[in-house]
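Excluded from the calculations below are hydrogen atoms, water molecules and symmetry mates; all remaining heavy atoms, backbone and side chain alike, are included.
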Protein chains: 2
Amino acid sequence: MTTDEAVADQKTPPPPGLRERKKQRTRNALVRSALELFTRQGYEHTTVDEIAEAVEVSQRTFFRYFTNKEEVAFASQESAECHFFAALCGRPADEAPLAALRGAVLDAWGSIGEAIEQMVPPELHMRMYRVIESTPSLLAVHLRRTAEMEERLASEIARREGLDIDADPRPRLLVAMFSGVIRVSGKLWGEGEEDSMVTLRDLTAFHLDYVGPTLAGQWDK
Amino acid sequence: MTTDEAVADQKTPPPPGLRERKKQRTRNALVRSALELFTRQGYEHTTVDEIAEAVEVSQRTFFRYFTNKEEVAFASQESAECHFFAALCGRPADEAPLAALRGAVLDAWGSIGEAIEQMVPPELHMRMYRVIESTPSLLAVHLRRTAEMEERLASEIARREGLDIDADPRPRLLVAMFSGVIRVSGKLWGEGEEDSMVTLRDLTAFHLDYVGPTLAGQWDK
DNA sequence: GACACTAATGTCAGCGTCTGACAATTGACA
DNA sequence: TGTCAATTGTCAGACGCTGACATTAGTGTC
């Protein structure tokens, strides 16, 4: 590593140049246009050409920002998930595993607006969630992404509790249960009429309270 | 309904004609060739044209048997899942929910050979399972299919226990937990060296025994 | 056994996703 | 201003998948 790189690693990044800012604007514009088209006319009935045309770039450029059509559909989800995971890592160490997960998800959903508003309007993000739930190909990808997140969650829980993730199945099982609750909540919310984020938050809290006692036992072995 | 149809419904179906048998043979040949190619050179690196050519039919014919390339990859899984679900429905009514699920999955895996051997060799079926686990696009579909199966399982459990699936979240939560165990077992098995079905069966039994006590409580409200 | 009927298949054209290659453009920096 | 590198556009093409229409091949009837 050169001296310059060492310095760059320690300081906050220098103000991004015109090139970088332009790239970010193009990316955000692609996400916004894509999500607007997906929510208005459906994922399958929207072509990549349409999205690219709406932002006035070539189709080839779209595929330089996103590896495939699915990826752009999950752009705001990706931000929200990072936000949630960061919230979990910030929970106090003495909190029980399930309480930490519960706190993280409720906190994250309470402050999700700030995390994504510079990319897409939160209201659009929520509408896109429904499109994902109701589009088979997107639902499949969503479940795979969820499975990947579960792995990260289980590792973090194991770390917090000082357990070996490869030897003790309990972190994975707790996370699987937790994930199941989140998914059931999201599904029921998606089937309902209420659009608000608060509704989803409350519904999730209710379900978590319902199953909490079952799994909240001490883990000090 | 005409008299003829009523009679046909009651008798076992008449011996299938040449046309029907030929169709079945073509279908099985497509599945076998597809799975052989997928397991040998990978799912992504196998084209539909290759599969069709191996069976000496046109690409268009392939797409008349399977709606897409993914579907043929799950043909033997589909049979196995039906086999498992039938096993669950055949469990004695007085068995506890988790015990019924456990019994069904262990029984099904013990007799899976007979259920699929006329379509593909069981050994090929198991190798394909690993391809699915390690191919992102197939894993995504696999998880969606699993989610659909979970819905059916939860409904069946609710029926057995006389619960309302829409009012009581416990069937879904139990099934989510159960599914998590199955998936973890399958994943660990896939990462290992052992190819045998017995190994997977034993591993699953071990994991189920591990979490069983946590959730096996009485459900009589 | 020849016949008409219908199901199965083949052929062809075309759309949409995605990629590699190369040329043209545009910001960065001396 | 001019050089360098990053970004974008253009083009050709592979692959998945579908509709339309012609062709082939079982099925039941006379």
Side-chain angles (χ1 to χ4, degrees), chain A residues 2 4-5 7-8 13-31 33-34 37-38 41-75 135-138 140-141, chain B residues 2 4-5 7-8 13-31 33-35 37-38 41-75 131 135-138 140-141:
Chain A
T2 70
D4 285 6
E5 282 167 341
V7 171
L18 172 58
R19 192 172 264 173
E20 201 56 38
R21 276 179 289 136
K22 206 168 172 182
K23 238 169 49 172
Q24 202 54 50
R25 264 192 294 132
T26 304
R27 200 193 130 90
N28 286 346
L30 282 171
V31 173
S33 293
L37 288 166
F38 290 161
Q41 60 194 32
Y43 176 76
E44 320 264 9
H45 296 107
T46 303
T47 67
V48 173
D49 286 307
E50 275 181 287
I51 302 168
E53 199 173 357
V55 186
E56 293 182 303
V57 291
S58 70
Q59 189 215 54
R60 193 66 182 86
T61 294
F62 173 93
F63 283 113
R64 288 199 177 98
Y65 279 91
F66 304 97
T67 61
N68 49 45
K69 186 180 161 187
E70 280 152 7
E71 194 173 303
V72 70
F74 287 93
T135 304
S137 62
L138 290 183
V141 173
Chain B
T2 70
D4 284 6
E5 283 167 340
V7 170
L18 172 58
R19 190 175 266 171
E20 201 57 37
R21 276 179 289 135
K22 205 168 173 182
K23 238 170 48 172
Q24 203 54 51
R25 263 193 295 131
T26 304
R27 202 193 128 90
N28 286 346
L30 283 170
V31 173
S33 293
L35 265 51
L37 288 166
F38 291 161
Q41 59 195 31
Y43 176 76
E44 321 264 10
H45 296 107
T46 303
T47 67
V48 173
D49 285 306
E50 276 181 287
I51 302 168
E53 199 172 357
V55 186
E56 293 182 301
V57 293
S58 69
Q59 189 214 54
R60 194 65 182 86
T61 293
F62 173 93
F63 284 112
R64 288 199 177 97
Y65 281 90
F66 305 97
T67 61
N68 50 43
K69 187 180 160 186
E70 281 152 7
E71 195 174 301
V72 70
F74 286 94
V131 175
T135 305
S137 61
L138 289 183
V141 173

Produce a footprint string for nucleotides 5-18 of chain D: one letter per nucleotide, 5' end first; B if the base is under 4.0 Å from any protein heavy atom, S if only the sugar-phosphate is, - if neither. BBSBBB----SSBB
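- Between A:Val72 and A:Leu30, the closest heavy-atom pair is CG2-O, 4.1 Å.
- Sorted by first and then second residue, the side chain to side chain donor-acceptor pair (under 3.5 Å) pairs involving residues 55-69 of chain A (not counting sequence neighbours) are A:Ser58-A:Thr61, A:Thr67-A:Glu71.
- Every residue was checked against the ring pair (Phe, Tyr, Trp, His ring centres under 6.0 Å) condition with A:Phe74, not counting sequence neighbours, and none meets it.
- In this structure, A:His45 and A:Glu50 approach most closely via the heavy-atom pair O-OE1, 3.6 Å.
- Annotation: ring pair (Phe, Tyr, Trp, His ring centres under 6.0 Å) contacts of B:Tyr43 (sequence neighbours excluded): B:Phe38.
- No side-chain heavy atom of A:Phe62 sits less than 4.5 Å from a side-chain heavy atom of A:Val55.
- Across its full length, the helix from C:dG1-D:dC30 to C:dA30-D:dT1 shows an angle of 10° between the axes of its 5 terminal pairs at either end, rounded to 10 degrees.
- The line from OG of A:Ser33 to CD of A:Glu53 is 11.0 Å long, rounded to the nearest 0.5 Å.
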Counting only pairs under 3.5 Å, give me each side-chain donor-acceptor contact of residues 20-28 of chain A, with atom names and distances, residues two or more places apart or in other chains.
unit_1  : atom_1 : unit_2  : atom_2 : d
A:Thr26 : OG1    : A:Lys22 : O      : 2.9

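- The nucleotide range of DNA chain C contacted by chain B, defined by atoms under 4.0 angstrom from heavy atoms of the protein and reported 5' to 3', is C:dT6 to C:dT11.
- Residues satisfying the side-chain contact (heavy atoms from CB on, under 4.5 Å) criterion with B:Glu44, sequence neighbours excluded, are B:Thr135, B:Ser137.
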